[in-house]
There are 2 protein chains.
Amino acid sequence: MAVRATDQIIHKAAWLYYTHGLRQDEVARRLEISRASVALYLRKARENGIVNISTSTHLFRQDVTARRIEDAFGLEAVWIVGREGLTADPAGEVPTLAANVFLEMIGNGERVGVAWGRTVYAMADAMSYADFEGVTVVQLCGNLGAPYSYRPDQCTMEIARRVNAKGLNFYAPLVLSSDRLARELRAEPVIREQLDSIDACDLALFSVGSLDADSHVIKCGALTLDELSALKRNGARGVIAGQMIAADGALLSCDYNRRVISADLASIRAIPKRLVVAQEEAKVAPLLAAFAGGFCTHLVASAAIGERLLEHIEAGTGGPAAAKP
Amino acid sequence: MAVRATDQIIHKAAWLYYTHGLRQDEVARRLEISRASVALYLRKARENGIVNISTSTHLFRQDVTARRIEDAFGLEAVWIVGREGLTADPAGEVPTLAANVFLEMIGNGERVGVAWGRTVYAMADAMSYADFEGVTVVQLCGNLGAPYSYRPDQCTMEIARRVNAKGLNFYAPLVLSSDRLARELRAEPVIREQLDSIDACDLALFSVGSLDADSHVIKCGALTLDELSALKRNGARGVIAGQMIAADGALLSCDYNRRVISADLASIRAIPKRLVVAQEEAKVAPLLAAFAGGFCTHLVASAAIGERLLEHIEAGTGGPAAAKP
DNA sequence: CATCATGATTGACAATTGTCAATCATGCCC
DNA sequence: GGGCATGATTGACAATTGTCAATCATGATG
């Protein structure tokens, strides 16, 4: 992005204050402006990501639960937020941690795919501004036409804005009414290109959808309750980027999936770093399916989920990962 | 590194204060300690890299000079510190900027090679603490036996300490008295292994040595003035990781180079990201040789050097890069 | 068991920073 | 040109933070 003249002075103030450790009045004197302005510039510098203040997320990885989950499911890294709930807003803990982990995982010049969901939206909201260079954020799944508040394109754009990246949205509905139409739309060059570009991602961010009555796919109107029950009877256990997966993580063979426009599951699996975020306990079964399908390399989860996963591990046999000696 | 119990509370305080934006008194209340302790913990968190405050270095890349140098020499990125000299300590500007750029270039899990020199040492000194994960810092060249203050192993260890990395030193002298001895020592498994591990580096950090009477090679006793003059007559134009290079960037064929124990120049060139730092004007000729030899992908330099390089570019023909239409 | 040394913790005060209403510059429109 | 809207800048005060001497634990030692 181009540098406005006013950025120049903000940058200088930030450099002197944060990097060289001068006091605000010293910075003011050196730049020949009032101290109040310095304070103002510094705030802007923080807000725009010219200055980046980040707290290490290591603490949350040192949790014993996190370690055991990593081992049991063969994940590269797991972060579990504390049981106690440090803040007044326990619901915000997972997205906040996830946002920090996500930022740590991005590198300059990388391409990042994001799906959507309440959690991902909350993450975007909690994410601090950072000034990466050459980062691209691509949308992993189609949009929902409804005036639903957590739209995939909004997630993508907001995250792109926060990390100073280029956002690559794609404007197709998530679900169409017919298989045929979906196929035709997928073949459209604009859409095709976008879907293909997902293969080149270095990092993916998504949550897993559950299949409750108040799950995301229902709330956003992609499915009716009846359709959902039918899918569950057919073996659906979770939702990844809008697509139904079975307990073994495979794409469920069903009419619904054929009507969806979204990242190919194989493409998602081909992305080297895949961060999954889960908050509510209802996400446990979908998570296990996602692990089984190899969709996840990095996980941020609540303490409640951590405990359920541990129980699952201890129950022995069950998990697909138990097959991994 | 293992987490001491006391780190836990420091980390929590930092998380609440920096990530959740609570005030110190709120943090104190929540953790049931005095606010004075919170202030203390926060300071420690900053000092240990639990909290990372970094200022974007983009400003220094937006300099017109920087852009032109990038283009002319085909470098990926160039940073030039401002002419004016923002701080009271102009000599510290280049190392400080370089330290920040260097930290931005490191990624978790990467292997970083560092050579040494006054500038590199000053960088280590100006570098803030960061808590990377799985980073290894390897020494690129042999040591100097003399009680010289900027020893290669010190640079390596200090940088490793700052970025929370494992340091891989190697204890061989930089220059030996005979070709034969150097060859034999290079063949020793301990040394061989270390030298080979350089190939696996993701990032290299070094300066280029000049060939003045007060240059590093002289000051540290690697060469006498007479030997240096002889080498210069033979075509030596700069020093990279202890080795003499000619104007075209090739390793000078000379007795001295055969007596040196250091990273193979081809290995250095094979490292994907190669950050070169240069401060004094005497470094211009060595820099041009380094560019010619393809040793540099990223450059941090003083305004004075920037200007000299520009003049060189404008002089037209000269540069090897001029051949790059 | 008393004594001392060491390091963590705190209360109280000083220093620094954040904020906001008031003022100043700038550009636009009539 | 005058009036007006918009946004930048500042002075002055309030809020927050840094510091340090004093106090409190802890554990080692005679």
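A, B, ... follow the sequence lines: proteins, then strands. Residue 1 opens every chain.
Contact between the side-chain N/O atoms of B:Gln24 and the OP1/OP2 oxygens of D:dA15 is not found at any separation under 4.0 Å. In terms of phosphate contacts, B:Tyr41 brings a side-chain nitrogen or oxygen within less than 4.0 Å of OP1 or OP2 of C:dT9. Contact between the side-chain N/O atoms of A:Ser37 and the OP1/OP2 oxygens of D:dT10 is found at a separation under 4.0 Å.
With hydrogens and angles left out, the side-chain atoms of A:Arg111 and A:Ser197 include a donor and acceptor closer than 3.5 Å.
When rounded to the nearest whole Å, the span between CG of A:Leu16 and C1' of C:dT16 equals 17 Å. In this structure, A:Leu42 atom CG and D:dT16 atom P are separated by 18 Å, rounded to whole Å. Summarising the geometry, the separation between NZ on B:Lys44 and P on D:dG18 is reported as 15 Å, rounded to the nearest angstrom. As rounded to whole Å, 11 Å separates atom P of D:dT10 from atom CG of A:Leu31. A straight line from CD1 of A:Ile33 to P of C:dA25 spans 16 Å, rounded to a whole angstrom. Atom pair B:Asp25:CG and C:dG11:P shows a separation of 13 Å (rounding to whole Å applied). Atoms OH (A:Tyr17) and P (C:dT16) sit 10 Å apart, rounded to a whole Å. B:Ile9 places its CD1 atom 12 Å from the C1' atom of C:dT9, with the value rounded to the nearest Å.
Closest heavy-atom contact between A:Asn52 and A:Tyr129: OD1-O, 3.0 Å.
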**Request:** Assign a letter to each nucleotide of nucleotides 19-25 of chain D from its 5' end: B, base within under 4.0 Å of a protein heavy atom; S, sugar-phosphate only; -, no contact.
**Result:** B------

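Shown here is B:Arg67, whose CZ atom has more than 12 heavy atoms of other residues, nucleotides or ligands within 6.0 Å.
Taking 4.5 Å as the limit, some side-chain heavy atom of B:Ile33 sits within range of a side-chain heavy atom of B:Tyr41. A 4.5 Å side-chain heavy-atom check between A:His298 and A:Trp79 finds at least one atom pair inside the cut-off.
Under a 4.0 Å N-O distance rule, the pair B:Arg68/B:Glu314 qualifies as a salt bridge.
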**Request:** Just do the salt bridge (Lys or Arg N to Asp or Glu O under 4.0 Å) check on B:Lys273 and B:Glu76 with the steps written out, would you?
**Result:** CA-CA 9 Å; B:Lys273 299 178 280 187; B:Glu76 280 183 39; over 6 Å; no

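The side chain of B:Ser34 sits closest to C:dT9 out of D:dT9, C:dT9, D:dT17.
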